[in-house]
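Beneath this line is the structure, given in C-alpha cells, with notes to follow.
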Number of protein chains: 2
Amino acid sequence: MTQAGRRPGGSGTRAAILAAAREQFADKGYGGASLRTIAAAAGVDPGLIRHFYGSKDDLFAAALEVPEEMAELMVRALTGHPDGLGERVLRAYLAVWEDPAMAGPLLAVVRSAVTSERAAERLRTLIGARLLAEVAPHLGPDGDVRAGITAAHLMGIAVSRYVFRVEPVASLDREVLIGVCAPVIQAYLTGPLGRN
Amino acid sequence: MTQAGRRPGGSGTRAAILAAAREQFADKGYGGASLRTIAAAAGVDPGLIRHFYGSKDDLFAAALEVPEEMAELMVRALTGHPDGLGERVLRAYLAVWEDPAMAGPLLAVVRSAVTSERAAERLRTLIGARLLAEVAPHLGPDGDVRAGITAAHLMGIAVSRYVFRVEPVASLDREVLIGVCAPVIQAYLTGPLGRN
DNA sequence: CATAGAATTCCACACGTGTAGAAGTCAACA
DNA sequence: TGTTGACTTCTACACGTGTGGAATTCTATG
C-alpha cells in the first residue's frame, strides 16, 4: 500500500500510539487489548509500537503514567479543613472519574488489575502509598482504618457506576448521590468510629 | 500415552471439568482461562470439554450457575426485621465471600465482567433483578436508591478486600469491619436519606 | 451375544498473539 | 553535500487459542 520510509513533517505517531493504547487498555484491559488493535486504532504500523515503546508491558506502563496527578487532587481534597470534608472528597472523586483524560488510565488500571498482577500492584500503590500514607496521619488514631474504609466505599461507587454500570447507581443524579453519600464519607473520616 | 477409548467405571469427568473451570475462571477471568489449561487442571483431555459442554461460552455459563443460592441468602437477610438489619446483611455478605464454594463463582463473575459482556450482564441481573427487585419495595419510597447504594458500598468492600486485596481493608479483622460499616448499611437501608 | 451410543484420545485447521529483524525513506546535522 | 540516525513498512517465526472431526474402547441396552 503505502511506501515504506519516513514521512515528511513531524508526525505525532508516538503520542497517537499512547492515546490509542490508553483507550484500548481502558475498555478491554491488558489482556484484551492487542498490539495490532492498538496500532490499527492509531492508524499506524504495529512495528512502530515496538520501535517506540519496546514491549507490550512497557507500553502498558507508559499508559498508566497519568494517575499521579489524580492522587494529587484527592490528597488536596482530603487534607483540607474538616468542615465539608465528605462532600469535598466525594466531589473531587466523581470529578476525576468523569474527566475522560483521567478516567481512561483509571479504567485501564481497574480493568487490568483483575488479571495483570502488575496492574493490581499499581492500584495498591495508588491507594496505599499515596492516599493512605499522606492522609491517614491527619485523621488521628485509626486513621488508616478510616482512610481504608472510605477508599473501599468510594471504589464501590466507581466500580458500580463507571465500570460495571449497575443500576440504579449508574444513572443516579450526581447531586443525589452526593447528598446521600457525602455525610457517610464525612462520618467515616471524622465521626465516631463504629458502634460504641 | 494412555490408550484412547472409554475408561472402566463411572468417572466423574464432567464434574471435574466444571470444578476446574470454576477455579480457573475465578482467578483469571473468562479471557485468561483457556480450555487447555482447564482440561489440564482437571486431568482430562481438552476434547472432553467440547464433548460435555460444547463451547467455551457454554462452559462459562455452567460455571456461573451457582450464585442463585447466594442471592437467596442475601434476600433472606435483607427482608427480615429492621432491627439489626445492617449487621445481619453485612454478616451474610461476608459469609458468602468467605465460603469458597460461593466465592468462586462470584470471583469468576467479577473477574470476567470487566471483559465479557455476558458476565457483566450476569452481574447486573444478579444485583438488579434479584436483590433490587425483591428488596427495594420493602424499603419504602426511595427503596431502589437505598438498595442500590447499599449494593455499591458492599461491592466496594468485596472488591477491595477479596479481589484487589487493597490494604488495610484486606486484612482488617472481620468484627472491626462489621462494627464500623454495619451502622452505615443500616442507615442506608432504614435511616434518613442524605442531608435535609 | 450383538449392537448402539457414550466416553476418551489424538490430529488438524485457521486464526490471533507478541516478538524479531531486514529493508526502505526521509530529516537533520557536519 | 554527505552521512548518520530516526522513522516506517513488510515479512516471518513460534506459540497458544477455540473449534472440528476421525478413530478407539468401553458401557448399556436389546
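Each chain gets a letter, A, B and so on, in the order its sequence line appears, and its residues count up from 1. Reckoned from all heavy atoms, side chains included, excluding hydrogens, waters and symmetry mates.
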**Message:** Does the plane of the ring in A:His153 sit parallel, tilted or perpendicular to the ring in B:His153? Use 30° and 60° as the thresholds.
**Reply:** parallel

Closest nucleotide among [options] to the [X] side chain:
X	options	value
A:Leu48	D:dG21, D:dT8, C:dA7	D:dT8
A:Arg50	D:dT9, C:dG21, C:dT9	C:dG21
B:His51	C:dA6, D:dT19, D:dT8	C:dA6

Whole-Å gap separating [atom2] ([N]) and [atom1] ([X]):
X	N	atom1	atom2	answer
B:Ile49	C:dC10	CD1	C1'	15 Å
A:Asp45	C:dG18	CG	P	14 Å
A:Phe52	C:dA20	CZ	P	18 Å
B:Ile17	C:dA7	CD1	C1'	11 Å
B:Arg14	C:dT8	CZ	P	11 Å
A:Leu59	C:dT19	CG	C1'	14 Å

**Item:** Single hit among A:Asp58, A:Ile38, A:Thr13 for side-chain contact (heavy atoms from CB on, under 4.5 Å) with A:Ile49
**Value:** A:Ile38

**Message:** Strictly below 4.0 Å: does A:Ser55 bring a side-chain N or O up to OP1 or OP2 of C:dG18?
**Reply:**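 No, because none of the side-chain N or O atoms of A:Ser55 sits under 4.0 Å from OP1 or OP2 of C:dG18.
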
**Asked** Taking OP1 and OP2 of C:dT8, is either one under 4.0 Å from a side-chain nitrogen or oxygen of B:Thr13?
**Response** yes

**Request:** Would you mind checking if B:Glu175 and B:Arg91 are paired as a salt bridge, meaning a charged N to carboxylate O distance below 4.0 Å?
**Result:** yes

**Asked** Is it true that A:Glu121 and A:Arg124 have a side-chain N and a carboxylate O under 4.0 angstrom from each other?
**Response**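 Looking at A:Arg124 together with A:Glu121, the answer is yes, because their closest N to O distance falls below 4.0 Å.
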
Side-chain donor-acceptor contacts of residues 15-26 of chain A below 3.5 Å, not counting sequence neighbours, with atom names and distances?
unit_1	atom_1	unit_2	atom_2	d
A:Arg22	NE	A:Ala63	O	2.9
A:Gln24	OE1	A:Lys28	NZ	3.0

Distances under 3.5 Å between nitrogen or oxygen atoms of protein and nucleotides 14-17 of chain C:
unit_1	atom_1	unit_2	atom_2	d
C:dT17	OP1	A:Ser34	OG	2.9

**Request:** Enumerate the residue pairs fulfilling ring pair (Phe, Tyr, Trp, His ring centres under 6.0 Å) with a member in residues 154-182 of chain B, sequence neighbours excluded, ordered by first and then second residue.
**Result:**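 For residues 154-182 of chain B: B:Trp97-B:Tyr162.
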
**Request:** Provide the closest heavy-atom pair for B:Lys56 versus B:Leu35 in the form atom of the first, atom of the second, distance.
**Result:**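 Answer, listing the atom of B:Lys56 first, then B:Leu35: CG-CD2, 3.9 Å.
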
